Every structure is written in structure tokens, then in C-alpha cells.
J.: 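Pasting in a structure now, in C-alpha cells, and then I'll have a few things to ask.
Below, each value reflects all heavy atoms present in this structure, side chains not excepted, and no hydrogens, waters or symmetry copies. For ligands, and for the atoms within them, numbers begin at 1 and follow the listed sequence. Only a predicted model underlies this, so the values are computations on that prediction, with no experimental measurement involved.
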Amino acid sequence: MRKLSTQLIHHPYKPPAGFEALPPAVHKASTVIFPSVHALRSQEWKDKSGYTYGLHGTPTTFTLEERIATIEGGRYCVLAPSGLSAVSLVDMAFLRQGDELLIPDNAYGPGKAFAAGELAGWGITHRYYDSQNPADLARKISPATRLVWLEAPGSITLEYPDIPALVDVVRAANAGRERAIVTVLDNTWGAGIAFNAFDLGVDVSMQALTKYPSGGADVLMGSVVTRDEALHQQVLLCHMRLGLNVGANDAELVLRGLPSMALRYHAQDVTTRQLATWMAQQPGVSQVFHPALPSSPGHATWQRDATAAACLFSAAFDERFSQVQIDAFCDRLALFKLGWSWAGPISLCAPYNMPSIRTKPWPHRGGLVRFAVGLEAPDDLQADLAQALQALTD
Ligand SMILES: *Cc1c(COP(=O)(O)O)cnc(C)c1O
């Protein structure tokens, strides 16, 4: 099979005859005209054999869905207007009143907020488990458990979980159950490049296309990919009933980002490892979190299951520094801008108050800063970190 970087460019899209341009066309529609009443009554969109209404898909969104499913090694894809709406779509597709959801303690924060702020009010409970401890997941599974989120690596602190071991725990619990527990991975970090989520055993892979597939820091979108047709239909019907839509121009922006995605991923990976390794040696830094560093939790699992790492690392600072000093360090950075998100062209950073976002006790007393590395020259970024660290430790 050809390498992903080749597949991203040589894809099955066929332009209209006589117009051999590479980019897929941008099709816009609410209304789609049917040729006859018979067609109006029988045309089917759920299997992509036809078009019926803008909300149910256009050639542009079908093309993007096909591309994302292919990149991730899945078969089916549903697009959502943001990564977070893809998270809530999965929750709403698979959970009903009385069900319980299990979420890793180090999961993406707004997904936890959806469970606490919305699902709880609908009679759907949630519990947190320790992603680094499959036995803890086994203990938390109850007869009410219906959905288990996974995230590799964890949000902010980047602990790398043993996905096959966590999936095995769920499979063992599923033996003899009428309604199987579904596993869903937040695959934004891996993006289909660092590992194949389905080969590791997960049922559903959700991604914030906002990050790598777009790559431009200019569009919000999410995806839900599966290999299983029944699971896909459940997500697709929930998506239809919710009326979720992505705009054709946004879909075009993501399609435009895809051919360069593998190159960007690897370039940012190389720079991030350089900076994380360097940062770990600096005075005043007590620990750096990045799955490729042997001192980072889950390093051996990352080495076994993944072939690359994304553009994120976090640094825990020595406890002698106050939050005010760490905030000043962030303010002093010139190339790393203050802001959310990652995988765009510009480097970003943000301080986090760890104890407030974890239920599991957080072992470091010092403050933590998460860095998202962009496409700038690695040495310029390192010099920027160096000058801000110098001012902090002086
Ligand atoms: C950014 C992100 C999301 C949400 O994506 P948005 O498009 O910003 O809503 C979900 N999960 C992870 C891991 C993310 O980094």
C-alpha cells in the first residue's frame, strides 16, 4: 500500500469530464432538485447513493468524509461543526437515560463539561477512570455502562494510555451483555497518522478536524469515523435529527489542508521533540510531558503503539515559582502566542492549574504550561523559550 503522504494527494475524487483540476469542487445547497416524484420518494442519502437535502450531504462533504475515513483506516465518517460537537454527538448517539459514561480523568475538558452540564440533567451519569490503569477501568464498569471514552495521549499532561489493554477490559465486560459497551477514542492527537485507532481495537474514532486536517487555525470542524455499519448508522441518524451541518467553504478549507497534513505532522513532531528534550534539561523545569521522552508516563506504550507524536508538550515548573511568575514567563514569550487550540502554523502556550482539572491527585506542586508547536524554525522557538526561562530563573 502507498504511504499516507502519497494517498493524501492521489485520492479517488474524479473531477467533471474535461476539467482535470486537482481540488474537489465546492458544492453548496439547501435544496436539491429531484427529477421526479418517484425520485423524491425513493432517493437515498444514508448510503451516499444519492443527494436529497443540503443537511444530508453534498459532493463536497461526501468527499471530505471519504478522505477522513480513509486517512484513519475506517469506513464511514460523519462531519460535525466542531470537534466538541463531534464529542457531544457521540455521547448523544449512544447514551440514553439511566446509562453511564466512563471518561478518562485526563480527558479533553469541554467533553467532561458536556457530561456534567448536560448529560447529567438527562439522567445519564458519568464517572472518571485512570487512563494509565486498566484495572481501574475494569472496577468502574457497571451494568449501566454504555460508552467508554479513550484519549491518547491525555489532555494537557499527555500520559499515553495502553489502548489495546483498555479495549480488552471493555471486551471482557461485553461478554454476555445484550447491549455492548461502545469504545470511542478522541483521535485528534494521532490524526490517523501516529497510529491506526481501529487496528488498536476501538469502535469509534472522533477527531477535531480543527487541528491537523485543517492546519490553518482558520476553521472549526469535527469528525466521527467507524468501521462498523450499525454504529455508523446510529451516529448518522442522531446527526440528522440534531440537524448538524458543516458549510461547504469550511469543508473546502479542510480538503485543502489534507495534502500537506502528513508533512506538517512530521515537521511539527521533529521540532516538538527538539524543544521538549531541551526543555527537560533546563533549570527550573521539574518535568516535561511528551510521550517520546522516557520520563513521560506511558512512554513504553507510545513506543509500542505509535510511529509519531504530535506538536504538544507540557512543562511542570519548580514549585519555587509562583503562578504570577509562571504567568509572566508566558507573557514574556514572543513567538509562542497565548491561545487555545494547536496544530496550526503558529506556536501557542497556555498555563494550566492542574489540581482544578483532575480528580486524581496531581503530583507536582509547581505550575504547568502546555506548549503547542507551530511551523516556525525550531531554533527560533528554542531561543524564545530560552529568553523567557532566563528571565524566570534570574
Ligand atoms: C480541540 C480539541 C477538541 C475540540 O475541537 P474544537 O473544534 O475546538 O471544538 C476535542 N478534543 C481534543 C483532544 C482537542 O484538542
J.: Does T145 offer a backbone N or O that forms a donor-acceptor pair with the side chain of K140 under 3.5 Å?
T.: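 Looks like no, no N/O pair under 3.5 Å.
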
J.: Any salt bridge between R96 and D99, counting N to O under 4.0 Å?
T.: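 Here R96 does not pair with D99 in a salt bridge, since their nearest N and O are not under 4.0 Å apart.
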
J.: State yes or no: are the ring centers of W362 and F289 separated by less than 6.0 Å?
T.: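 Ring centroids of W362 and F289 are less than 6.0 Å from each other.
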
J.: Would Y51 and F62 count as a close aromatic pair, with their ring centres under 6.0 Å?
T.: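 Yes: the rings meet the under 6.0 Å criterion.
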
J.: Extract all N/O-N/O pairs under 3.5 Å that connect ligand 1 to the protein, and present each with both atom names and the distance rounded to 0.1 Å.
T.:
residue	atom	partner	partner atom	Å
ligand 1	7 (O)	G83	N	2.7
ligand 1	7 (O)	T210	OG1	2.5
ligand 1	9 (O)	G83	N	3.2
ligand 1	9 (O)	L84	N	2.8
ligand 1	11 (N)	D186	OD2	2.6
ligand 1	15 (O)	K211	NZ	2.5
ligand 1	15 (O)	W342	NE1	3.0

J.: Got a salt bridge between D327 and R332, using NZ or NE/NH1/NH2 to carboxylate O under 4.0 Å?
T.: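 Result for this pair is no, no salt bridge flagged.
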
J.: Can you confirm whether or not the ring centre of H290 sits under 6.0 Å from the ring centre of F313?
T.: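 No; F313 has its ring centre 6.0 Å or more from that of H290.
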
